Structures are given as C-alpha cells and as structure tokens.
2 protein chains.
Amino acid sequence: MTNKKKDIMEKLKKAILSLELKPGTIISETALAEKFNLSRTPVRDILKGLALQGYIDIYPKKGNIVSYIDLESVEQITYLRSILEKEIIKDLSPNIPINGLHKLRDILAKQKDCIESSEKNQDKLDRFMVLDDAFHKTLFELAGRNFLWDLIQQFNVHYMRYRKLHAFKEDKLKKLLQEHQEILDCIVLGQKDKIDDLVYNHIRADINSLYFRENFMEYIKKPSN
Amino acid sequence: MTNKKKDIMEKLKKAILSLELKPGTIISETALAEKFNLSRTPVRDILKGLALQGYIDIYPKKGNIVSYIDLESVEQITYLRSILEKEIIKDLSPNIPINGLHKLRDILAKQKDCIESSEKNQDKLDRFMVLDDAFHKTLFELAGRNFLWDLIQQFNVHYMRYRKLHAFKEDKLKKLLQEHQEILDCIVLGQKDKIDDLVYNHIRADINSLYFRENFMEYIKKPSN
DNA sequence: AAACCATAACTTGTATACAAGTGAATTTAT
DNA sequence: ATAAATTCACTTGTATACAAGTTATGGTTT
C-alpha cells in the first residue's frame, strides 16, 4: 500500500478512536476523495480496510458510517486479554530480564508524573492511557508475544473507544497505577498465585457497568433482534 | 459485499487452504478478472481482502502471490489457542448443558467412524480435521466465546496449511480422538487439574518439529534477515 | 387531506482507459 | 565478447465515466 494511503488510513483511524468522528457519522467516498485530492478508487481501498477492522460499516449503495461501539466485542476482547496476560505474566515471572524490568519501572514513573501533573483533564487521561498501553505492550514483548499484541490491536476499535468514554477520575488513575505496581511486584517476587485475581480485576473489573449503557446510548450498537 | 464477490473470495480461500494453490503461486488481477468475467476493480477488492487476512502477499507494481506458510504465525496461534481453550474448558467444566454434551459426543462418534472407514487417505484426513474443528468450535460456542473462535479463524491461514501438510498416520488420528475423549471426561467429571497438560499436549505437542522444516522448505516463509 | 406513484438526486458498484513502476530482453557502445 | 544503456512487455495504481440500487421529494390521484 502506498504511503499516502497509509497516512490517510492512520489519520482516519485516529479520528475514529479519539471519537472526533462520532459513531454514526457518514463517511462518504466522494467527500473523502475531494478532501484528499484523490479519486474514489484509492479511497475505496482505504474504506475497505477500515471496514475489515470494524472502524466503519459499509451499507452497499447506501453509504458508510463510523461503527457504533459493540459492547459484545468489548466484553470478548477484555476476556481474551485477561486470559492471555495472566499467562504471559506467569511465563515472565521467574526470568524477566533486567532491562525489561527497567523499562517497565520507567513507564510506571512516567504514569506517576502524569497523575501529578496539572494539565487539562482529557489530555492527562489520554496521556495516561498511552502509557497504560505501553506497559501492557511491553509485557507482551518481553514474553515474545508481540505478534499476539498486534493481532489484538487490530480488533481494538470498540474497546479503545469504550475505555476513552469512561470519565476516569483521579483516584481511578491512581488505582490503575497501583495495580501495575502490584503486577510488577508479583513478577519480581514470583508470586504466581496472586496474578490471576490481579489481572482479572485490572482488566475486567468494571466491564458491563450500567452507567456506561445509560450515559452513552447514542454511541452504542443496538443488539440485533 | 456482493454475493458473487463473496463466492469468489471463498473459492480462493478454499483453494489456498487446501494447497491446491501452492505458496508462491502468482495471482494476477487480470487473469482472475477474465476467469470470472469481471473487471479488475472488484477483483482488486477481493485481493485486498485476502491480503489483509494473510492469504496472499501484494508486491506493488510487481504482482501478487499466495503467501508462504509463516511458522511464527503457527507458533503464536497455537499458543493463543492452548491458553484460551484450557480456560474455556475450565469455565465449562461444572455447568455444561446436557445438549452440549450430546453434541460433543456425537462429533466424537463421527470421528470414530471416520477412522474406521476405508476411504482414501487424504480424504479421510480432511474429513477428520473438519470434525476436529467442529469439536473445538463447539467448546467455544458452549462457553459463549463464538466471537473469539471467529476472530482466530481470520488468522488461521498459516496454521491450517501447516496442519494439513503433516502426514498424520492412522495412530495419530486415534491419539487425537482419544485426547478429545479425555478432555470431555475431564469436563464431565470436573477434573480441572488435568486440563492444562491435556490441552497443551493436544494443541501444542509437535510444534516446531524439524521434520516439517526439512520436508516442506518450498512452502515455508524464509525468516527475514 | 391522505395515499400512492413517478421522478430526481443521492449513494456505492463496476468497467475501462491511462499512469507509473518493474524487470527482462535487446540493442548499442566499448 | 562484455558491459552498459535503452526499450518494451509486463505488473499493479489511479482517474473517470457509467450502471444500478436507495431514498427523499413532489406531484397526482383518490
């Protein structure tokens, strides 16, 4: 795929993930083509790619829209991640390399800085979440499971947006950081018996909260019936 | 996506999975377009889709080829499946519904028939493997993890072909069936402690065998260096 | 006024002509 | 004869015109 097309694809992905493009927003081939000075053909390639990864829904001869958040996908992906990560962490536990440990501690330090900083609330949250991803991604990398991290990322549209919409408060961020710390401690000390519950609580804790369903109805995919 | 396109896509997928189209085979847009009486545009859509799921590799301005089997993908996917399935089976263990049990036993009976049948070797192997997939898919379904089964299927090109190339002998099929039986017994009897090893041996046993690397070199992706 | 039908303005789907790389064959120069 | 340069046949990438389905609009009929 040519670079210009990849750039546009990334741009659209970011806009959708950041909710700048809200679920339901119409994505028109001709509009995009004009905006980027391209013909419809390459634009169609891009939209096909976005559709295959769940970013948009294509309704033949009608139009394309930004997909609504699919809570089923969120539930399934968090299940997958909690199962995988608890295993990965156990694999890692006795034999984590020292530079890996440094990398993880470095990320936690940055998360601490982030919490204590005085920037705007949404910016702080975004930055914290980037670091959160970095922490988990590093765990995958250290265990030689980069491949699986990337695989999951390809299906993360719904979970990423779900997470962003949670208006996490300062004490929630502190809790997340502390859980990271505890996970790291378990790895270093080899306390494998604690890991299952830790990871479960960290990733799956407040899934299926009614709060979310009630407050973001217009963003959520209606169950097909 | 229109039906004709979907049909062609499925046809190509089957041909690639069955190794009728060997890794490295050139897939030309114009050739496909002529063969199916279509223009290049819809054919391109199809090829884009196949590329995103790893079936083919697109070399811009050069051509497209059927992808070589990526042993890294095989290793990662079998790891993912062994981790997931042992968890799913544990989830299922105490509370499996009776009709689910019937369905699983029915599949095992068919596998037994298959082994004892006198059909041609490759046909027998193919039929056995379809039943193998049915068994595992049913486990996912019963645990409410259909979504994750489908997700994994989208990345199964390399594992499926790897498995097919293994010239399983009759006693290997018997062993696979017996392992299925043991897994089912564990579920019914609630013997969760046995499950980890059982699933690991069943799915990950002879991964990374040198036999495969030596005998199917021409099908395998060379490590990038 | 309400129901219905035709039409027009949209959308994406497809066909085709042309652009632009790539690599091998051929020609040319040394 | 050999090496370099060029041309040509091939590939996919892009632009554009047209086909075909969908939906809203407005006029007609009842």
Side-chain angles (χ1 to χ4, degrees), chain A residues 1-13 15-16 20-68 70 157 218 221-222 224-225, chain B residues 1-13 15-16 21-68 70 157 218 221-222 224:
Chain A
M1 218 175 194
T2 164
N3 276 345
K4 184 168 184 183
K5 270 158 78 174
K6 268 190 184 166
D7 288 349
I8 295 175
M9 190 148 177
E10 286 310 311
K11 209 168 176 176
L12 286 172
K13 279 187 179 177
I16 291 172
E20 187 186 326
L21 289 174
K22 294 198 177 90
T25 304
I26 292 172
I27 305 286
S28 154
E29 282 185 10
T30 55
L32 268 188
E34 283 182 24
K35 181 172 177 182
F36 292 105
N37 277 316
L38 273 172
S39 74
R40 275 179 53 218
T41 313
V43 169
R44 271 175 68 75
D45 285 354
I46 294 169
L47 295 183
K48 272 273 153 55
L50 291 177
L52 275 172
Q53 291 179 28
Y55 285 80
I56 67 172
D57 292 328
I58 295 179
Y59 295 93
K61 308 279 176 98
K62 290 191 210 166
N64 316 305
I65 63 165
V66 176
S67 67
Y68 289 93
D70 179 8
V157 215
E218 75 270 25
K221 180 183 173 186
K222 293 165 200 162
S224 55
N225 47 16
Chain B
M1 216 175 195
T2 163
N3 276 347
K4 185 169 184 183
K5 270 159 77 173
K6 267 191 184 167
D7 288 349
I8 295 175
M9 190 148 177
E10 286 309 311
K11 209 169 177 176
L12 286 172
K13 279 187 180 179
I16 291 172
L21 290 174
K22 294 198 178 92
T25 305
I26 292 172
I27 305 286
S28 152
E29 281 185 9
T30 55
L32 269 187
E34 282 182 24
K35 183 172 176 183
F36 293 106
N37 278 315
L38 273 172
S39 74
R40 275 180 54 218
T41 313
V43 169
R44 273 175 65 75
D45 285 354
I46 295 169
L47 295 183
K48 273 272 152 52
L50 291 177
L52 276 171
Q53 292 179 29
Y55 284 80
I56 67 172
D57 292 327
I58 295 178
Y59 296 91
K61 309 279 176 98
K62 289 190 209 170
N64 317 305
I65 63 166
V66 176
S67 67
Y68 289 94
D70 179 8
V157 214
E218 75 272 24
K221 179 182 175 187
K222 292 165 201 161
S224 55

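Each chain gets a letter, A, B and so on, in the order its sequence line appears, and its residues count up from 1. What you are looking at is a predicted structure, and each value in this text was computed from that prediction instead of being measured.
Using a 4.5 Å cut-off on side-chain heavy atoms (C-beta onward), B:Ile27 and B:Ile65 make no contact. Under the 4.5 Å side-chain criterion, counting only non-hydrogen atoms from C-beta, A:Val157 is not in contact with A:Asp70.
Nucleotide C:dA19 holds its C1' atom 14 Å from the CG atom of A:Leu38, rounded to whole Å. In this structure, A:Lys4 places its NZ atom 13 Å from C1' of D:dA15, rounding to the nearest Å. Following rounding to the nearest Å, B:Ile58 (CD1) and C:dG21 (P) show an atom-to-atom distance of 18 Å.
Shown here for A:Tyr68 and A:Gly24, the closest heavy-atom pair between the two residues is OH-CA, 3.4 Å. Here the closest non-hydrogen pair linking B:Arg40 and B:Thr30 is CD-CG2, 3.7 Å. Nearest heavy-atom pair, A:Pro23 versus A:Ser67, reported as atom, atom and distance to 0.1 Å: CB-O, 3.4 Å. The minimum heavy-atom distance between A:Pro60 and B:Met1, with the atom names listed, is CG-N, 4.3 Å.
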Check the pair B:Asp45 / A:Arg44 against side-chain contact (heavy atoms from CB on, under 4.5 Å), numbers first and verdict last.
-> CA-CA 9 Å; B:Asp45 285 354; A:Arg44 271 175 68 75; 3.3 Å; yes

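More than 12 heavy atoms of other residues, nucleotides or ligands sit less than 6.0 Å from atom NZ of B:Lys4.
Evaluated for a side-chain contact (heavy atoms from CB on, under 4.5 Å) with B:Asn64, the options B:Ile56, B:Asp57, B:Ile26 yield exactly one hit, B:Ile56.
At a non-hydrogen distance threshold of 4.0 Å, A:Arg40, A:Arg44 from residues 40-49 of chain A come into contact with DNA chain C. Remark: B:Ile27, B:Ser28, B:Glu29 in residues 22-34 of chain B come within less than 4.0 Å of DNA chain D through at least one heavy atom. Across residues 60-68 of chain A, A:Lys61, A:Lys62 each have a non-hydrogen atom less than 4.0 Å from an atom of DNA chain D (numbered order).
In this structure, A:Thr25 contributes its side chain and A:Val66 its backbone to no donor-acceptor pair below 3.5 Å.
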